[in-house]
Amino acid sequence: HMYYTHSDRKIVREGMSKLEPLDQKLIEERFWEEMTNQEISERHHLNNYEIEDSFDRSFEFLRNYCLGHRSFSLSDLEC
């Protein structure tokens, strides 16, 4: 199991704030509001490929952003 610290959550929030507004909104809807891709698709008039592309881009950015912080609890792991 992976456990995240208060500092980790702060770093993730900082990274989220640096995403493009639509990418940020899609992640919030999918993971905080627990909407399905279909619901997101209908709300934003996007196809599933566009949504998945946004997630891929966002996750790559967030991974690099978080692991780039020495205080992030997983920053010393090889991924």
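Being a predicted model, the structure only gives us computed values, none of them experimental. Residue numbers count from 1 along this sequence.
- Under 3.5 Å, the side chains of Glu29 and His44 contain a donor-acceptor pair of N or O atoms.
- A distance-only check finds no donor-acceptor pair linking the side chain of Asp23 to the backbone of Ser58 [under 3.5 Å].
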Worksheet entry | Working for side-chain contact (heavy atoms from CB on, under 4.5 Å), residues Ser41 and Ile51 | CA-CA 7 Å; Ser41 173; Ile51 293 169; 3.7 Å; yes

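- Between the side chains of Glu28 and Gln24, at least one donor N or O lies within less than 3.5 Å of an accepting N or O.
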Worksheet item: Passes side-chain contact (heavy atoms from CB on, under 4.5 Å), Val12 versus Cys66? Steps please.
Response: CA-CA 6 Å; Val12 171; Cys66 292; 3.7 Å; yes

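- A distance of 7.5 Å separates CZ of Arg63 from CD of Glu60, quoted to the nearest 0.5 Å.
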Worksheet entry | Test side-chain contact (heavy atoms from CB on, under 4.5 Å) applied to Phe72 and Thr5, step by step | CA-CA 8 Å; Phe72 193 73; Thr5 66; over 6 Å; no

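- By the 6.0 Å contact criterion, CD on Glu33 is enclosed, its count of non-hydrogen atoms from other residues, nucleotides or ligands being greater than 12.
- For the atom pair Leu19 CG and Ile27 CD1, the distance stands at 6.0 Å (nearest 0.5 Å).
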Discussion item. With side-chain contact (heavy atoms from CB on, under 4.5 Å) as the criterion, how do Asn47 and Glu50 come out once you've worked through the C-alpha distance, each side chain's angles and the decisive distance to 0.1 Å?
Written reply: CA-CA 5 Å; Asn47 63 46; Glu50 293 168 312; 3.4 Å; yes

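- Between Arg57 and Ser54 the shortest side-chain heavy-atom distance falls below 4.5 Å.
- Separation of the Phe31 and Phe59 ring centroids falls under the 6.0 Å cut-off.
- Glu52 pairs by the side chain to side chain donor-acceptor pair (under 3.5 Å) definition with Asn37, not counting sequence neighbours.
- Considering CG of Asn48 and CD of Gln38, their distance stands at 8.0 Å, rounded to 0.5 Å.
- For the pair Ile11 and Ser71, the minimum side-chain heavy-atom distance is below 4.5 Å.
- Under the side-chain contact (heavy atoms from CB on, under 4.5 Å) rule, Phe61 has a single partner from Met16, Glu20, Lys18, which is Lys18.
- Across every non-hydrogen atom of Glu34 and Glu39, the tightest pair is O-OE1, 4.4 Å.
- Judged by distance alone, with hydrogens and angles left aside, the side-chain atoms of Asp53 form no donor-acceptor pair with the main-chain N or O of Tyr49 at under 3.5 Å.
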